[in-house]
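Everything quoted here is computed from the prediction, not taken from an experiment. Below, read A as the first sequence line, B as the second, and so on, with proteins coming before strands; counting in each chain starts at 1.
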Amino acid sequence: MRQYELRRDESGTEADDGRAREVLQGLNEAQRTAVQATDGPVMIIAGPGSGKTRTLTHRIAYLIARGKAQPRDVMALTFTNKAAREMKQRVQQIIGSGSARGMWMGTFHSTFARLLRREGEHIGYTSDFSIYDTDDTDRLLRNLMKGMNIDPKQFKVRTMRSLISSAKNQLVSPEDYQRMATGAAQERAAQLYGPYVQTLRRANALDFDDLLIKPIELFETHPDILEQYQRRWRYLHIDEYQDTNHAQYKLAKLLAARHKNICVVGDDAQSIYAFRGADIGNILSFQRDYPDATVVRLEQNYRSTKTILQLADSIIKQNEDQLEKELWTDNHEGEYVVLIEALSERDEAKKIEQTVRDLHVREGYSYDDFAILYRTNAQSRSLEEALRRGGIPYRVIGGVSFYQRKEIKDVLAYLRLLVNPADQASLRRVINYPTRGIGAKTQERLFQYARREGLSAWQAIQQIDEAGLSTRAQNAIERFGFLISSHAAKAESMPADELARALIKETGMLDELRNENTRESLGRWENVQELISAIAEFTAQAEEATLATFLQEVALLTDLDEDEGQGNRVTLMTLHASKGLEFPVVFVSGLEEGLFPLSRAAQEREQLEEERRLFYVGATRAEQKLFLSYARSRFLYGKQESAVRSRFLDEIDPAVVRTKAGGPIKRQKDRFTLDEGDAVDYDEVDPHYYRRNLRGSKNTSSKRTRKTTRRASNGSSSGRRVVYDEGAAEIVPGVRVEHDHFGEGKVQALDGEGEQMAATVFFQSVGQKKLKLKYAKLRRIG
DNA sequence: AGAATGGACTTTTTT
DNA sequence: AGTCCATTCT
């Protein structure tokens with residue numbers, strides 16, 4: 001594509017028209033309509049693989065090419081930082097380098113963090129505020145709960161956090177929430193909400209929700225500032241609009257109110273973040289908010305084969321809530337979608353690994369053509385093991401990312417404390433790490449003293465001699481105070497990376513890691529070094545290159561933002577993380593009841609529909625080949641559990657799916673009929689049945705329906721599933737065995753390893769016995 | 001103060 | 001299996 005110089009002062013000339021025409025090249029009719037609708041509100045309803053981000057990008061380029069807007073008039077809000085980066089690069093590719101300068105592109109969170117850096121002082125935040133992630137807020141909440149005698153066993157911290165979070169997102173104040181809270185959990189959350197907000201405030205800290213609601217507060221209390229930004233951002237673009245929450249919706253509305261040049265892109269069928277407060281209603285009601293909106297549908301799919309699209313369509317058709325949309329593609333028919341059936345999660349992983357290897361060797365796919373998707377992060381383990389065994393390079397996205405690692409968070413906490421001494425969460429985190437003689441008791445006294453005197457913890461440290469502590473404790477605290485303040489004093493004169501290095505060195509963290517001298521501790525040591533390089537790199541090239549900015553941006557980074565990166569590797573990630581990506585070959589694994597859909601989600605229609613959309617998202621990541629897999633038993637939470645394959649497999653169009661052997665797939669209903677011939681109805685089966693513990697038969701659910709009781713007790717018939725595993729002993733829970741003395745019995749459970757392996761067996765003659773396999777000669781029968 | 005040990009409990013997705 | 005907690009040991 002030809003490059004253009006940006007000529008700011010010649011907008012509207014013929015040359016610019018030519019440039020604008022070029023921006024439209026390679027777009028289909030619908031995409032062009034969306035690009036050219038430059039005035040007023042626009043909603044683009046776009047299916048997967050329809051080039052929606054591309055359309056948005058070209059629209060921005062078009063606005064500039066046509067002279068409708070200067071780069072600084074444009075704002076684009078994306079789902080990930082990476083998406084923003086790519087969009088910026090694309091715009092520059094299309095209309096010339098440097099042409100995106102001054103554009104605000106980024107996620108909602110990073111964009112409004114930036115805004116608060118500039119304007120936060122108007123509502124009482126200095127620009128070096130700390131951003132608390134869920135780890136920090138959970139700690140903080142746990143402390144509050146302790147102080148208020150709320151039992152964390154009865155009311156989980158994460159539950160409290162998410163209740164408070166949704167109240168915040170709904171813009172409900174602590175006072176109002178106290179009034180409207182119903183039920184024990186909500187009432188507790190209402191109790192915590194006020195103190196929680198105050199603690200954050202005192203710490204000059206913001207949580208993720210604050211990054212959105214504080215700007216709203218700012219705009220509502222300072223109309224002049226709002227107007228200034230309304231004037232500036234004349235063109236507002238929002239990608240993945242179906243995943244915006246109420247606060248984001250409100251922000252968009254405020255900013256667009258003046259010019260109404262708001263362009264949103266989204267797909268209601270891909271809304272998968274309701275648990276985080278995303279409101280699918282935002283996209284469904286866009287036309288109500290902007291009655292004169294231009295609505296464009298992007299229905300042509302450029303990504304997937306006809307077969308894959310047909311499968312995806314058969315999934316999403318099952319949902320009641322959706323906007324009308326007819327997806328189609330010019331692509332090839334493609335191959336059947338393949339269902340991989342496995343006996344255990346190890347077996348599943350092995351079969352996936354073999355398939356990857358096979359396609360790599362026989363069909364020449366490169367490793368980065370593959371993505372393996374799963375519902376929960378815990379599932380990556382067995383897949384990783386299989387890939388490692390097979391010598392296939394891979395990378396895992398999500399899970400514990402670099403900036404979530406303990407050693408990194410520790411260092412970051414030190415640095416945050418330097419920048420923002422009010423930051424209480426960080427102070428608590430590092431005050432006694434590495435251990436320096438400030439134990440729990442001393443800390444408690446310190447915080448008590450601070451509270452009594454109405455001081456921040458940091459202020460209390462400054463005057464610790466008045467706190468009446470033992471000399472030893474006092475000295476330890478003074479030393480810690482000096483450690484922080486002496487380095488904070490150097491912050492002005494020293495480059496951030498050097499400062500970080502000096503501080504870390506003096507804390508003794510590095511020595512401790514080195515002395516431990518294990519592979520893990522050396523890895524951690526390297527991570528810390530890497531962090532210091534990252535700080536150096538950031539300060540060398542960022543626009544606002546302060547340590548505070550670094551810390552804020554780092555808090556908002558995700559694994560997804562990482563560059564595709566080095567090397568040719570298979571990608572492993574959750575279905576959620578796969579949003580917006582595409583791969584030639586995709587595996588959707590773990591299609592089992594209770595896992596996908598998750599058992600909690602299967603209860604209510606709305607949640608079940610979200611799971612189904614998640615399946616839809618996963619399936620539509622695939623360009624050429626799609627594999628679905630499930631295992632008949634799975635090792636979860638320390639136990640081997642049996643599993644029934646997912647109801648989603650029954651919902652998909654059987655005409656496009658084949659088993660690995662090439663045969664048509666059998667429907668669940670055919671396989672798991674009861675003796676009487678009744679078909680299995682998912683709604684009637686106790687969900688616990690699916691995840692019944694095969695070992696230890698005691699804790700089977702008491703709330704089984706009549707049908708399932710009958711089914712569970714009827715030994716060898718079609719409903720019974722038994723755990724097998726390749727290479728595993730013949731003796732596994734569920735099999736019938738024979739013993740020289742006791743006769744026939746059934747294995748209930750296995751435990752211990754190697755020599756110590758013992759089986760709990762129920763014998764008809766003598767009842768339950770626990771026998772060491774080494775001594776008892778058990779023979780498997782049947 | 002801090003390390004070591006044992007028991008209870010886990011059971012989702014993430015900006 | 002891993003984590004968090006309380007208790008006990010050093």
Side-chain angles (χ1 to χ4, degrees), chain A residues 77-84 106-113 131-135 137-139 142 146 151-153 156-159 161-162 165 169 206-212 240 243-245 247-248 271-278 373-379 381-382 397-401 403-404 406 432-443 470 472-473 476 553 555-561 573-579 590 594-602 607 610-611 613-615 617-618 634-641 687-688 690-691 693 699 751 753:
Chain A
L77 298 167
T78 57
F79 192 72
T80 61
N81 290 304
K82 186 175 144 206
T107 61
F108 267 93
H109 288 84
S110 62
T111 300
F112 288 100
I131 296 177
Y132 282 2
D133 63 13
T134 45
D135 209 68
T137 58
D138 282 6
R139 240 166 236 270
R142 193 169 295 124
K146 215 181 275 173
D151 180 11
K153 279 192 186 113
K156 303 237 168 60
V157 176
R158 57 196 311 181
T159 312
R161 186 231 301 151
S162 81
S165 170
N169 276 322
L206 297 124
D207 66 13
F208 287 140
D209 301 317
D210 286 333
L211 292 173
L212 305 174
E240 310 283 11
D243 287 318
T244 53
N245 64 26
Q248 290 166 325
S271 161
I272 53 175
Y273 280 99
F275 70 91
R276 199 168 82 186
L373 310 181
Y374 36 79
R375 180 66 240 269
T376 66
N377 280 308
Q379 287 166 256
R381 178 186 287 249
S382 50
I397 294 189
V400 236
S401 73
Y403 287 103
Q404 310 247 322
K406 186 187 173 297
N432 200 31
Y433 178 81
T435 53
R436 49 171 72 87
I438 311 177
K441 270 268 148 45
T442 310
Q443 284 181 45
S470 70
R472 208 164 81 156
E553 296 204 350
L556 299 171
L557 272 188
T558 39
D559 252 20
L560 294 180
D561 299 320
M573 62 188 147
T574 62
L575 288 144
H576 282 90
S578 75
K579 193 161 86 121
L595 185 63
F596 191 25
L598 277 169
S599 52
R600 300 156 157 247
Q607 287 189 41
E610 178 145 322
E611 295 282 306
R613 289 194 292 269
L614 196 53
F615 186 27
V617 166
R634 186 171 290 275
F635 200 72
L636 264 184
Y637 320 123
K639 290 175 197 127
Q640 190 80 38
E641 306 202 354
H688 295 287
Y690 301 128
R691 293 256 147 242
N693 179 6
N699 61 354
D751 44 49
E753 285 213 359

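Taking OH of A:Tyr433 as the reference point, atom NZ of A:Lys406 lies at 4.5 Å (rounded to 0.5 Å). Rounding to the nearest 0.5 Å gives a distance of 5.0 Å between CD of A:Glu611 and CG of A:Leu598. The CG atom of A:Leu557 lies 10.5 Å from the CD atom of A:Gln404; values are rounded to the nearest 0.5 Å. Note: A:Phe208 CZ to A:Asn169 CG = 12.5 Å, rounded to the nearest 0.5 Å.
To the nearest angstrom, C1' of B:dT15 lies 9 Å from CG of A:Leu211. Whole-Å rounding puts the A:Ile272 CD1 to B:dT15 C1' distance at 13 Å. Look at CG on A:Leu557: it is 10 Å from P on B:dT15, rounded to the nearest Å. If you take CG of A:Asp243 and P of B:dT15, they are 12 Å apart, rounded to a whole angstrom. One atom, CG of A:Asn81, and another, P of B:dT14, lie 16 Å apart when rounded to the nearest Å. Distance A:Lys406 NZ to C:dT3 P: 12 Å, rounded to the nearest Å. What separates CZ of A:Phe596 from C1' of B:dT12 is a distance of 12 Å, to the nearest Å. Distance, A:Phe79 CZ to B:dT14 C1': 8 Å, rounded to whole Å.
The aromatic rings of A:Tyr273 and A:Phe79 are tilted relative to each other, their planes meeting at an angle between 30° and 60°.
In this structure, the nucleotide among B:dT10, B:dT14, B:dT15 sitting nearest to the side chain of A:Arg161 is B:dT14.
Residue whose closest nucleotide on DNA chain B sits further toward the 5' end, between A:Thr376 and A:Phe108: A:Thr376.
Applying the side chain to side chain contact (heavy atoms under 4.5 Å, CB included) criterion to A:Gln248, with sequence neighbours excluded, gives A:Phe108, A:His109, A:Leu212, A:Thr244, A:Asn245. With sequence neighbours excluded, the residues satisfying side chain to side chain contact (heavy atoms under 4.5 Å, CB included) with A:Thr435 are A:Asn432.
Within the nucleic acid shown, A:Arg142 comes within 4.0 Å of sugar-phosphate atoms alone, with no base atom in reach, counting heavy atoms only. At the heavy-atom level, A:Leu598 lies under 4.0 Å from base atoms of the strands shown.
Remark: ring of A:Phe275 stacked against base of B:dT13; centroid gap under 5.5 Å, plane tilt under 30°.
Between A:Thr80 and B:dT15, a side-chain N or O to OP1/OP2 separation shorter than 4.0 Å is absent. Taking 4.0 angstrom as the limit, A:Asn377 places a side-chain polar atom (N or O) nearer than this to OP1 or OP2 of B:dT13. In this structure, A:Arg381 reaches the C:dG2 phosphate: one of its side-chain N or O atoms is under 4.0 Å from OP1 or OP2.
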So which protein nitrogen or oxygen atoms get under 3.5 Å of nucleotides 1-5 of chain B's nitrogens or oxygens?
from  : atom 1 : to       : atom 2 : distance (Å)
B:dA1 : OP1    : A:Thr442 : OG1    : 2.2
B:dG2 : OP1    : A:Gly437 : N      : 3.0
B:dG2 : OP2    : A:Asn432 : ND2    : 3.1

